[in-house]
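Single-structure report; data block below.
Model, not experiment: these values are computed from the prediction.
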Amino acid sequence: MPMIELPPFVPFIVVAVIVLFTRGKLTHALMLLTPLLGALNLWHMSTGAHGEVTLFSLKLTLVHIDKLSLVFGYIIHIAAFLAIIYALHIRDKMQQLATLIYVAGALGAIFAGDLITLFIFWELMAISSVFLIWARRSTKSFASGFRYFVYQFISGLLLLIGTVFYWYQHGSIAFTQMSLHDTGTALIFIAFGIKCAFPMLHTWLTDAYPEATVTGTVLLSALTTKVAVYALARGFPGTELLIYIGAVMTCFPIFYAVIENDLRRVLAFSLINQLGFMVVGIGVGTELAINGAVSHAVNDILFKGLLFMSMGAVLHMTGRINGSELGGLYKTMPKTTVLCIIGAASISAFPLFNGFVSKSMVMTAVIEQGYGGIWLALLFASAGVFHHAGIKIPYFAFFGHDSGIRTSEPPANMLLAMFFAAALCLAIGSYPNLLYQFLPFELDYSPYDVSHVLAQTQLLFFAALAFAWLNIKGIYPPELPSTNLDVDWLYRRWLPSLWTRLTDHVTDAYHLSAELTLTKLRRILEVIRAYHRPHGILARAQTVSNMTLWIAILLACYLVLSYFGSYLI
């Protein structure tokens, strides 16, 4: 009997409605089953368009399946499953519902066949994901969540306006490859760029992710930006501008990550760095480059999720996340330490770990297309990744100085989720065809040739040597409580300060003008009182003779005016 094919987002929406009325183990069981059944449903779905409807003469395609959307669909189900396992100890209905709806929104956006459907799920993601930040229920998380939502709202608004322009200019709303030659596609490009954390538009990520809940950050790191990467790969492959944007994204976060004290914020900057590799691959646009970008997105979900889970476990067990307050945790959290090191090796692209089999693809595609300068930037960024994520995260959290903190391993479900993620990192790194077979294009590429392995091993060795030397000499930036300035200083500090000064000047001008006006009014009133008060000039009693005299004068004036007026006429 053939299996009923449901749109991939439907199971998560249905279960979210059911979970609203359940609790305890039943809720957990339903949430665990949903990504498994959803993946099974997706496996049996045929490629092509599904669920086509007509709305106001516009043809909407709710589901469009091809190899590009399938690989993202599968990894989103895996990420959802791992995140749900990681959060099984949570009894917060808000987080449970937000998780299910957030995943549904991501799947709806991934499989959207038109721009209107994409917009609907784009906004569903924004609305649901912000509750994973607010669920921490702190003043900072509320403020960060609000700023996060403003960015996501602006992204959605630009997508909607761009869609209207695109429909007017092209007569279609199909979500296909576009070019940056008109207003509509430019607005859509910026909308995707906001969600992908382009330079100067990235601060929502580094601001909000570290303030989300321990479990919510894991899912946030997996979905929002990866949906944006998919959208760029679908709409703007081969757009050369993306090469230079991506190169900047790989490099500038390194400097922030090195000096940052909050280890979850270090990972947030590291996330932007990894997104840069994907954006460069999409910009190059060859089959190898697109395969590299897509495979690196899949791998980033796994190893970045693992690192966020390990730091979340540290925060959950110690209540601290600043590198200056941690250290020596390997003594009481050895399993978490090992799992974190696997994530660190993966993101650093060690051979036999999954980061190596995807990052090398992007760099090979870049050098094959003659972008030597970009290749050097990516090489520098690769060394920087090893510094701030491969070494700094495990070193300052679990080794370094002994902070004196004595705790225990996190709950079993958190360890299990980290173990699954680590296993996938090792499996894909050792057997890359596990991933390569699902990529959008046929692939004839072997990451394990002598040149790739030797070059990457040398890079990692000298990067480690540099870290050790800088640390011994005391040159490496120490972990200190600090506030690092980023672009968000403009709207979090400078603009409010400018607004305060402006309102102060306006208030002063208002008070000055009001005082001058009242002074003039007082003088006018004094004149009026001088003539009209009980003893004023105009209030005095007049004699009959005076009144007669004034009437005679007025009559004479009238006669004179009449006489001369007749001559003028």
Main-chain N/O of Trp204 paired with Tyr148 side-chain donor or acceptor, under 3.5 Å: no
Aromatic plane relationship, Trp134 with Phe149 - under 30° parallel, 30 to 60° tilted, over 60° perpendicular: tilted
Output field: ring centroids His388/Phe396 closer than 6.0 Å: no
Residue pair Ser141 / Ser138, side-chain donor-acceptor N/O under 3.5 Å: yes
Modelled atom types, side-chain donor and acceptor of Gln152 and Lys195, under 3.5 Å: yes
Asn273 side chain to Thr250 backbone, donor-acceptor under 3.5 Å: yes
Ring geometry between Phe189 and Phe236 (parallel below 30°, tilted from 30 to 60°, perpendicular above 60°): perpendicular
Side chain proximity check, Ile342 to Ser346, heavy atoms < 4.5 angstrom: yes
Test item: side-chain donor near acceptor, Asp504 and Thr507, under 3.5 Å: no
Side chains of Phe192 and Val227 in contact at under 4.5 Å (non-hydrogen atoms): no
Test: Arg137 and Asp92 ion pair at under 4.0 Å: yes
Ring geometry between Phe350 and Phe386 (parallel below 30°, tilted from 30 to 60°, perpendicular above 60°): perpendicular
Leu415 CG to Leu339 CG distance, which is reported to the nearest 0.5 Å: 7.0 Å
Short N-O contact, Glu211 and Arg265, less than 4.0 angstrom: yes
Tyr166 versus Thr183, side-chain donor and acceptor atoms under 3.5 Å: no
Donor-acceptor pair, side chain of Gln95 and main chain of Ala135, under 3.5 angstrom: no
Side chain His401, main chain Leu326, donor-acceptor under 3.5 Å: yes
Exceeds 12 heavy-atom contacts within 6.0 angstrom, atom CZ of Phe380: yes
Non-hydrogen side-chain atoms of Thr217 and Arg264 separated by less than 4.5 Å: yes
Phe72 vs Phe111 side-chain heavy atoms within contact, under 4.5 Å: no
Close side-chain approach of His28 and Arg91, heavy atoms under 4.5 Å: yes
Polar side-chain atom of Lys304 near backbone of Val218 as donor-acceptor pair, under 3.5 Å: no
Donor + acceptor pair across side chains of Thr117, Asp114 (<3.5 Å): yes
Tyr330 and Thr336: side chain donor to acceptor below 3.5 Å: no
Backbone of Ser221 reached by a side-chain donor or acceptor of Lys226 within 3.5 Å: yes
Polar side chain donor-acceptor pair, Asn299 to Ser358, under 3.5 angstrom: yes
Check: Thr225 and Cys196 side chains under 4.5 Å, non-hydrogen atoms: no
Close side-chain approach of Asn261 to Ser324, heavy-atom, < 4.5 Å: yes
Between Thr27 and Gln96: side-chain donor-acceptor atoms closer than 3.5 Å: no
From CD (Gln274) to CD1 (Ile272), nearest 0.5 Å: 11.5 Å
Step-by-step ring pair (Phe, Tyr, Trp, His ring centres under 6.0 Å) determination, Tyr151 to His202: CA-CA 9 Å; Tyr151 267 98; His202 67 279; 9.0 Å; no
Side chain proximity check, Thr337 to Phe399, heavy atoms < 4.5 angstrom: yes
